[in-house]
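The next block holds one structure in the form of structure tokens; read it before the comments.
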Amino acid sequence: MPHFIAVHCQEVGGKNYEASMSHVDCFVKELLSSDAMKEYNRVRVYLDENYKSQEHFTALGSCYFLHESLKNIQQFDFKAKKFKKVVGKEIYSDTLESTPMLEKEKFPQDYFPECKWSRKGFIRTRWALADCAFDLVNIHLFHDASNILAWEKSPSFYSGTRQKALGFVLDRITDQRFEKVPYFVFGDFNFRLDTRQVVESLCSTATMQTVRLGDTNEVDKLIFRESENDRKVVLQLEKKLFNYINQDVFRENNGTLFLQFDSELSCFKERLHELEISFPPSYPYSEDSSQGKQYMNTRCPAWCDRVLMSATAKDLVLKPENEEKNLVYDNIGPNVCMGDHKPVYLSFRLTAGAGKANANKHKCCNVQ
């Protein structure tokens, strides 16, 4: 029963959003009226559902729930440039561009020229608990469109695209327009393992066969076979196929062996921090409801979904009084189907007075 719950969703309405968007509104209404949420008497829900506006549509959803026991909570008005008391339950789902309580931007089209149209961008809100202000940024970065292209060089073309977009977000939320505060950035970063390095690691003793398309000579598939053992296929790689002989290796010891290939954050090490990862890759899980632990063989498993933070936000999370039992960075529903992404969460205790060096208040707030 946290005091403050922040839920960041991506691809609101799903892939067939024109047909499915109406279900989102029903889901939110059911959620707000459920017994589990009855003690959360103040709610802010921001759903970017306006898919007819291709110029602005991000399909992001940011939901914030405040427990009745939580006092003195305010939200920032970016237009008036001041904090306002949070009262009641409000849902915004039409034109978020005109809502002064958030900032929303879609990435410029030239950031991902391969894609005719994307729904990638970010939404930022700012909150103040007692004397402690912080930004919460919902983000969705570009995916790997082709496993073959991702394999061709290390680091991949796609990681450069994500790096550019994430740099854009960080520059935007730390510019001179508003006072700088600690920030948490969480959502689907689409970070991938270095495909080239992973394949070299998994197939170090295998021989590679390249299959090309007859008309264009373009690489269609890569087949890695054992040198002996009847030349058994170890890995088959296609644009949307990553079929490895033993996907258990990605689950063993929570996939720790593969963290060495998770390097997309390295160029942001001064600006973004993360707690230690101790859960398996969060994507791409089977969407078969009976296969909660199984990965699909479409992509190399990776930690796409993360909770990252500024150095100042990390200081808030790692306060000495924040005992280890109050600090959890994990996934949700490890054994049941949650869709192709396992949700990832950070839970910690925020002490009132955390924003002041010499504060002697000790009122605590559990944040998730």
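Only this structure's heavy atoms are used, side chains among them; waters, hydrogens and symmetry mates stay out.
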Do the side chain of R162 and the main chain of E264 share a donor and acceptor less than 3.5 angstrom apart?
no

Do the ring centers of F189 and F268 come within less than 6.0 Å of each other?
no

Scan the side chains in residues 329-345 for donor-acceptor partners under 3.5 Å anywhere in the protein, sequence neighbours excluded, and list what turns up.
unit_1, atom_1, unit_2, atom_2, d
Y329, OH, E274, OE2, 2.6
Y329, OH, V307, N, 3.0
N335, OD1, K293, NZ, 3.4
H341, ND1, D305, OD1, 3.1
H341, ND1, D305, OD2, 2.8
K342, NZ, G292, O, 2.8
K342, NZ, G333, O, 2.8
K342, NZ, V336, O, 2.5

For P182 against A133, the heavy-atom pair lying closest together
CD-O, 3.3 Å

Is any side-chain heavy atom of V198 closer than 4.5 Å to a side-chain heavy atom of W151?
no

Do the ring planes of H67 and H3 sit parallel (below 30°), tilted (30 to 60°) or perpendicular (above 60°)?
perpendicular

Kindly say whether S159 contributes a backbone atom to a donor-acceptor pair with the side chain of S156 at under 3.5 angstrom?
yes

Between F134 and Y183 (judged by ring centroids, cut-off 6.0 Å), do the two rings come close enough to count as a pair?
no

Decide, yes or no, whether a salt bridge links E152 with R196 under the criterion of side-chain N to carboxylate O below 4.0 Å.
no

Taking the side chain as every heavy atom from C-beta outward, state whether H140 and L60 have any pair of such atoms under 4.5 Å apart.
yes

Shortest non-hydrogen contact from S310 to T312?
OG-OG1, 2.9 Å

Atom OG of S154 and atom CZ of F261: how far apart are they, to the nearest 0.5 Å?
10.0 Å

Flag the pair R119 and E11 as a salt bridge only when some basic side-chain nitrogen lies within less than 4.0 angstrom of an acidic carboxylate oxygen.
yes

For residues I223 and L235: do they belong to one hydrophobic cluster (side chain heavy atoms under 4.5 Å, members Ile, Leu, Val, Met, Phe, Trp, Tyr)?
no

Check: N190 side chain, L141 main-chain N or O, donor-acceptor pair, under 3.5 Å
yes

Should W303 and L259 count as side-chain neighbours, where that means a heavy-atom distance under 4.5 Å?
yes

What's the shortest heavy-atom distance between D144 and A150, and which atoms?
OD2-CB, 3.5 Å

The test is side-chain contact (heavy atoms from CB on, under 4.5 Å); show your working for H8 and L136 and say whether it passes.
CA-CA 9 Å; H8 285 177; L136 300 178; 4.1 Å; yes

Give a yes or no on whether the backbone of S227 and the side-chain of T207 come within a donor-acceptor separation of less than 3.5 Å.
no

Kindly assign one of parallel, tilted or perpendicular to the pair F107 and F122, based on the angle between their ring planes and the thresholds 30° and 60°.
tilted

Roughly how far, to the nearest 0.5 Å, is CD of E55 from CZ of F57?
14.0 Å

Heavy-atom closest pair (M296 atom, S286 atom, distance to 0.1 Å) is CG-CA, 3.5 Å

With under 30° as parallel and over 60° as perpendicular, where do the rings of W127 and Y64 fit, or are they tilted in between?
tilted

Looking only at atom types and distance, does a side-chain atom of T174 sit under 3.5 Å from a main-chain N or O of K180, one as donor and one as acceptor?
no

Treating N138 as the side-chain partner and C9 as the backbone partner, does any N or O pair qualify as donor plus acceptor under 3.5 Å?
yes

Value rounded to 0.5 Å, distance of CG in L193 from CZ in R299:
13.5 Å

Do the side chains of D188 and K120 get close enough for a salt bridge, i.e. N-O under 4.0 angstrom?
no

Distance check, rounded to the nearest 0.5 Å: I245 atom CD1 versus K232 atom NZ?
4.0 Å

Under 4.5 Å between any side-chain heavy atoms of D220 and E218, yes or no?
no

Among L102, T125, L66, exactly one meets side chain to side chain contact (heavy atoms under 4.5 Å, CB included) together with Q75. Which residue is that?
T125

For Q10 and I139, work out which heavy atoms get closest and say how close.
CG-O, 3.7 Å

I'd like to know if D262 pairs up with R306 as an ion pair, taking the criterion as any Lys NZ or Arg NE/NH1/NH2 lying under 4.0 Å from an Asp or Glu carboxylate oxygen.
yes

Show your working on side-chain contact (heavy atoms from CB on, under 4.5 Å) between Q294 and Q247 and close with a plain yes or no.
CA-CA 8 Å; Q294 192 79 10; Q247 65 164 238; 3.4 Å; yes

If you group Ile, Leu, Val, Met, Phe, Trp and Tyr by side-chain heavy-atom gaps below 4.5 Å, do Y283 and F279 land in one group?
no

Does L129 belong to the same Ile/Leu/Val/Met/Phe/Trp/Tyr cluster as L318, with side-chain heavy atoms less than 4.5 Å apart forming each link?
yes

What's the verdict on side chain to side chain donor-acceptor pair (under 3.5 Å) for T256 and N254, showing C-alpha distance, side-chain angles and the deciding distance?
CA-CA 5 Å; T256 307; N254 289 323; 5.8 Å; no

Between K89 and V45 (side chain of the first, backbone of the second, donor and acceptor by atom type, cut-off under 3.5 Å), is there such a pair?
no

Can you find a heavy atom in the side chain of H143 that is under 4.5 Å from one in the side chain of Y158?
no

Work out which heavy atom in R42 is nearest to a heavy atom in L70; give both atom names and the distance.
NH2-O, 2.7 Å

With sequence neighbours left out, write down each residue that passes ring pair (Phe, Tyr, Trp, His ring centres under 6.0 Å) with F178, or none if nothing qualifies.
F76, F78

Is there a side-chain contact (heavy atoms from CB on, under 4.5 Å) between L350 and C132? Walk through the geometry before answering.
CA-CA 9 Å; L350 186 65; C132 184; 4.2 Å; yes

How far does CD of E18 sit from CG of N16, to the nearest 0.5 angstrom?
9.0 Å

Spell out, yes or no, whether F168 and F191 are grouped together once hydrophobic residues are joined by side-chain heavy atoms under 4.5 Å, including indirect joins.
yes

Is the shortest side-chain heavy-atom distance between R126 and F83 below 4.5 Å?
yes

With the threshold set at 4.0 Å, does a side-chain nitrogen-carboxylate oxygen contact exist between K104 and D48?
yes

Please examine the side chains of N246 and Y244, heavy atoms only from C-beta on, and report whether any two atoms are closer than 4.5 Å.
yes

Check: Y51 side chain, M21 main-chain N or O, donor-acceptor pair, under 3.5 Å:
no

When you measure from the side chain of S33 to the backbone N and O of E30, does any donor-acceptor pair fall under 3.5 Å?
yes

For R44 and E90, what are the C-alpha separation, side-chain angles and deciding distance, and is it a side-chain contact (heavy atoms from CB on, under 4.5 Å)?
CA-CA 5 Å; R44 292 294 180 273; E90 296 177 2; 3.5 Å; yes

Are side-chain heavy atoms of L265 and L272 found at a separation under 4.5 Å?
yes

State the CD-OG1 distance between E103 and T99, to the nearest 0.5 angstrom.
12.5 Å

Do NZ/NE/NH1/NH2 and the carboxylate oxygens of D77 and K82 come within less than 4.0 Å?
no

In this structure, would F4 and V328 fall into the same cluster of hydrophobic residues linked by side-chain contacts under 4.5 Å?
no

Do the side chain of N326 and the main chain of N366 share a donor and acceptor less than 3.5 angstrom apart?
no

